[in-house]
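Quick note on labels: first sequence line is chain A, next is B, and so on, each numbered from 1.
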Amino acid sequence: MSEPSQSYERIYRVVRRIPRGRVATYGQVALLADLGGHARQVGYALHALRPETALPWHRVLNAQGRISARSQPGADRLQRQLLEGEGVPFDERDRIDLTRYRWKPRARRT
DNA sequence: TTTATGGCTGTCA
DNA sequence: ATGACAGCCATAA
């Protein structure tokens, strides 16, 4: 495939695997996407994804278990709302207990 | 081609 | 425990 941005697709693929009621960090997704721990690109990929792309971006948090402020206003609030709707409670500080809600994917790849 | 960002992370105080 | 600084790399102009 001559996909110019195949890297993004990998990220999307990983994010899509995140089960409902569970969350993952950018770093984690990056690792699973073979990006080698470069979480930033994950954030950019999600930032660059199109609205018609049904992707559970709201299940992706930063390493602190909190929602990062993105370009779109109110989007962080929406993310929180979506997560709460999936059964992921937030702390007083808007944080999620990653030790409990962190998605534990299996080692894939051959 | 180079330059400038950026939905982060890890370390230090 | 939180707050602040620098670094890595890919994408977009």
Side-chain angles (χ1 to χ4, degrees):
Chain A
M1 318 283 239
S2 311
E3 292 294 314
S5 50
Q6 191 171 2
S7 307
Y8 275 19
E9 194 160 332
R10 287 184 185 173
I11 295 170
Y12 301 149
R13 196 158 200 160
V14 174
V15 176
R16 239 174 254 231
R17 287 202 217 113
I18 303 173
R20 186 162 166 277
R22 211 112 264 198
V23 297
T25 64
Y26 290 101
Q28 187 175 357
V29 173
L31 214 61
L32 295 170
D34 295 321
L35 294 182
H38 289 252
R40 262 187 165 164
Q41 295 317 75
V42 177
Y44 301 146
L46 295 178
H47 176 234
L49 79 72
R50 296 182 177 176
E52 57 250 15
T53 309
L55 201 78
W57 58 271
H58 56 264
R59 292 178 194 153
V60 184
L61 314 174
N62 59 27
Q64 299 181 338
R66 295 178 6 200
I67 300 172
S68 305
R70 49 201 157 283
S71 307
Q72 292 191 329
D76 56 311
R77 188 177 56 191
L78 174 62
Q79 183 168 7
R80 176 171 175 171
Q81 189 176 9
L82 289 170
L83 289 174
E84 290 179 331
E86 294 187 347
V88 182
F90 278 76
D91 190 283
E92 290 282 316
R93 300 259 199 79
D94 300 306
R95 295 193 300 189
I96 297 175
D97 188 356
L98 290 178
T99 61
R100 271 183 63 173
Y101 292 94
R102 195 192 256 241
W103 173 45
K104 302 156 202 158
R106 293 174 179 218
R108 65 163 48 236
R109 194 138 343 169
T110 51

Chemist: Grab the CG-P distance between A:Asp91 and C:dA1 for me, whole Å please.
Modeler: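 Whole-Å distance recorded here is 11 Å.
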Chemist: Please name the pair of heavy atoms, one in A:Arg22 and one in A:Val88, separated by the smallest distance, quoted to 0.1 Å.
Modeler: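 In this case the closest contact between A:Arg22 and A:Val88 is N-CG2, 4.2 Å.
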Chemist: Give me the atom names and distance for the closest heavy-atom approach of A:Val29 to A:Ala24.
Modeler: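 Where A:Val29 meets A:Ala24 most closely, the heavy atoms are CG2-CB, 4.1 Å.
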Chemist: Under 3.5 Å for both distances, Watson-Crick or G-U wobble, that's the pair rule; now give the dot-bracket for DNA chain B, with | marking pairs to another strand and [ ] for crossing ones.
Modeler: .|||||.||||||
Chemist: In whole Å, what is the span from the OH atom of A:Tyr26 to the C1' atom of C:dA10?
Modeler: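 In whole Å, C:dA10 C1' lies 16 Å from A:Tyr26 OH.
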Chemist: Looking at B:dG7, C:dA1, B:dG6, which one has an atom nearest to any side-chain atom of A:Arg40?
Modeler: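 Nucleotide nearest to A:Arg40's side chain: B:dG6.
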Chemist: Mapping A:Ala48 and A:His38 to their closest nucleotides on DNA chain C, which lands nearer the 5' end?
Modeler: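 It is A:His38, whose closest nucleotide lies nearer the 5' terminus.
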Chemist: To the nearest 0.5 Å, what is the distance between CG on A:Leu98 and CD on A:Gln64?
Modeler: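 The CD atom of A:Gln64 is 10.0 Å from CG of A:Leu98, to the nearest 0.5 Å.
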Chemist: In whole angstrom, give the distance that lies between atom OH of A:Tyr8 and atom P of B:dG6.
Modeler: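 That distance rounds to 13 Å.
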Chemist: Expressed as a whole number of angstroms, how long is the span from A:Leu46:CG to B:dG6:C1'?
Modeler: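 The answer, rounded to whole Å, is 13 Å.
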Chemist: Taking salt bridge (charged side-chain N to carboxylate O under 4.0 Å, His left out) as the cut-off, I'd like each qualifying pair that reaches into residues 73-93 of chain A, sequence neighbours left out, listed once.
Modeler: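 Found A:Arg59-A:Glu86, A:Arg80-A:Glu84, A:Arg80-A:Asp94.
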Chemist: Go through C:dA1, B:dT9, C:dG7 for me and flag the one nearest to the A:Asn62 side chain.
Modeler: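 The answer is B:dT9.
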Chemist: For the pair made of CG in A:Leu98 and P in B:dG10, what is the distance, rounded to whole Å?
Modeler: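 Rounded to whole Å, this separation is 12 Å.
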Chemist: From the set B:dG10, B:dG6, B:dG7, return the single nucleotide nearest to any side-chain atom of A:Ala63.
Modeler: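 For the A:Ala63 side chain, the nearest candidate turns out to be B:dG10.
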Chemist: A:Leu55 CG to B:dG7 P: how many Å, rounded?
Modeler: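 So the two atoms are 16 Å apart, to the nearest Å.
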Chemist: Counting only heavy atoms not in A:Arg13 (residues, nucleotides, ligands), do more than 12 fall under 6.0 Å from its CZ?
Modeler: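 Open: at most 12 neighbouring heavy atoms sit under 6.0 Å from CZ of A:Arg13.
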Chemist: Does C:dA10 have OP1 or OP2 under 4.0 Å away from a side-chain N or O of A:Arg10?
Modeler: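 So the side chain of A:Arg10 is outside the cut-off, no N or O lying under 4.0 Å from OP1 or OP2 of C:dA10.
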Chemist: Please report, rounded to the nearest Å, how far the C1' atom of C:dC9 is from the CD1 atom of A:Ile11.
Modeler: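 For the pair A:Ile11 CD1 and C:dC9 C1', the rounded distance is 11 Å.
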Chemist: Quick one: on DNA chain C, does A:Tyr44 or A:Gln64 contact a more 5' nucleotide (nearest heavy atom)?
Modeler: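 So the residue in question is A:Gln64.
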Chemist: If Ile, Leu, Val, Met, Phe, Trp and Tyr residues are connected whenever their side-chain heavy atoms lie under 4.5 Å apart, and connections chain through other members, are A:Tyr44 and A:Ile11 in the same group?
Modeler: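 Yes, same cluster.
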Chemist: With the side chain counted from C-beta on, respond yes when A:Ile67 and A:Phe90 share a heavy-atom pair under 4.5 Å apart, and no when they do not.
Modeler: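 Sidechains of A:Phe90 and A:Ile67: in contact.
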Chemist: Atom NE2 of A:His47 to atom C1' of B:dC8: distance rounded to whole Å?
Modeler: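 Atom NE2 in A:His47 sits about 14 Å away from atom C1' in B:dC8.
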Chemist: With hydrogens left out and only the distance checked, is there a donor-acceptor pair under 3.5 Å joining A:Arg70's side chain and the base of B:dG6?
Modeler: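 Under the 3.5 Å cut-off, the side chain and the base do not form any donor-acceptor pair.
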Chemist: Checking all strands, does A:Arg93 fall into the base, sugar-phosphate, or nothing category for heavy-atom contacts under 4.0 angstrom?
Modeler: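 It contacts sugar-phosphate atoms only.
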